[in-house]
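Each remark here refers to the structure printed beneath this line.
Remember, predicted model here, so these are calculated numbers, not experimental data. Both backbone and side-chain heavy atoms feed into the values below; hydrogens, waters and symmetry mates do not.
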Amino acid sequence: MRIPAPNLWPAARTGQRWLLRARRKETLVDGHRLVFLERGRPTPGKPTLVLIHGFAAMKENWALWMQMLPADWHLLVPDVPGLGESQYRPDACYRYESQARRLGQWLSGYATDNLHIAGSSMGGAIASVMAHTLDRPPRTVTLLNSAGIPEQPDADLNAPFKTDRDAILIPRDWSGVYRMFNSVGNGKPTLPGLAMTGLLGPDLLQRRDSLRHIFNDMLADPLAPARYLGTGTPPLQVQWGDKDVITPTRCVDWFGAATPHAEVHVFRGVGHLPMLEKPGRSARVLEDFIRRHSQ
């Protein structure tokens, strides 16, 4: 008889939120219950920073940054609809543009003229669209190993797209969970990878059907974010890990022609998640960038 593994993540998530001194909030957006963390409040002269996590992830991916970024900044950290604590709906569309529209509706409730957006992987793709579709564009947008970026500079942004990344990102069993947590890093087994396998594995395996739905929707128009990025993009920072196997470093080359104004940082020995693998360095790079564009 197989004994189901306990899901310890909800209790761990609550404890983490207390340590971060963040408030957990809920709202309704496009028929979805949206859950998010908020630290601080909009303040004149201070940035409001939105942090958007990636596929099969959650708002808690930003916990280390939340501890390191200035305490007087206003932080908004959502669980993207369909993921984390936010609601998943089998009848909903989860393409990048649909998700950007939902998060834009949510942000419309905040009055700030000092908005900045940062997104990791799928969150970077969503941030790319939001930077061009919000009623008032953000002062900066930062993309960390962003999805939706071509691997070849001359790629057809409307062409069908095939990928095998779902074999890594949608685990079917415990070995798949272990592979996922080690693949999103620099490819080497780590103690944090083992710990995350045990902590988050039960939750991920329960979400397999919803993850497949969301992944297929993203794949239906996978390079949509790249169609938005260009010379008219707000001040853009790109952070990338050179050991990434999910969004290879060759994606960075595309920015040179499409967004020549972009400030690019490639971190050596880092995989898919700079904010978890090099939190101090990546947070400092972001903080400096935002300060330069918040005057």
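A donor atom on one side chain and an acceptor atom on the other are not found under 3.5 Å apart for His53 and Ser120. Side-chain atoms of Asp173 and Ser175 form a donor-acceptor pair, as typed in the model, at a separation below 3.5 Å. The closest side-chain donor-acceptor pair between Ser121 and His272 falls under 3.5 angstrom. Side chain to side chain, Arg102 and Gln105 fail the donor-acceptor criterion of an N or O pair below 3.5 Å. Side chains of Trp73 and Thr43: a donor-acceptor N/O pair is absent below 3.5 angstrom, by distance only. In the model, Glu38 has a side-chain atom that pairs as donor or acceptor with a side-chain atom of His74 under 3.5 Å.
Taking the six-membered ring for Trp and thresholds of 30 and 60 degrees, His265 and Phe267 have nearly parallel ring planes, at less than 30 degrees apart. Ring orientation note: the planes of Tyr228 and His132 are tilted relative to one another, at an angle of 30° to 60°.
Residues Trp62 and Leu75 are not in side-chain contact: their nearest non-hydrogen atoms beyond the backbone lie 4.5 Å or more apart. Contact of the Leu83 side chain with the Tyr88 side chain is not registered, since no non-hydrogen atoms from C-beta on lie closer than 4.5 Å. In this structure, the side chains of Tyr94 and Phe215 stay at 4.5 Å or more apart for every pair of heavy atoms. Between His32 and Leu34 there is no side-chain heavy-atom pair separated by less than 4.5 Å. Considering only heavy atoms from C-beta on, Lys243 stays 4.5 Å or farther from Val270 through its side chain. The shortest side-chain heavy-atom distance between Arg172 and Arg208 falls under the 4.5 Å cut-off. With contacts defined as side-chain heavy-atom distances shorter than 4.5 Å, the pair Asn145/Ile246 does not qualify. Inter-residue side-chain proximity for Gln87 and Pro81 is flagged as unmet; no heavy-atom pair is nearer than 4.5 Å.
Salt-bridge formation is not detected for the pair Arg292/Glu287: no Lys NZ or Arg NE/NH1/NH2 atom is positioned less than 4.0 Å from an Asp or Glu carboxylate oxygen. Under a 4.0 Å N-O distance rule, the pair Lys59/Glu85 qualifies as a salt bridge. Salt bridge status for Arg95 with Asp217: absent, with no side-chain N to carboxylate O gap under 4.0 Å.
In this structure, Gln237 contributes its side chain and Val285 its backbone to a donor-acceptor pair below 3.5 Å. Side-chain N or O atoms of Ser282 include one that pairs as donor or acceptor with a backbone N or O of Pro274 at under 3.5 Å. Remark: side-chain polar atoms of Asn61 are not paired, donor with acceptor, to backbone N or O of Gly54 under 3.5 angstrom.
Nearest approach of Pro47 to Ile290, heavy atoms of both residues: CG-CG2, 3.8 Å.
Shown here is Asn158, whose CG atom has more than 12 heavy atoms of other residues, nucleotides or ligands within 6.0 Å. Other residues, nucleotides and ligands place more than 12 heavy atoms under 6.0 Å from the CZ atom of Arg212.
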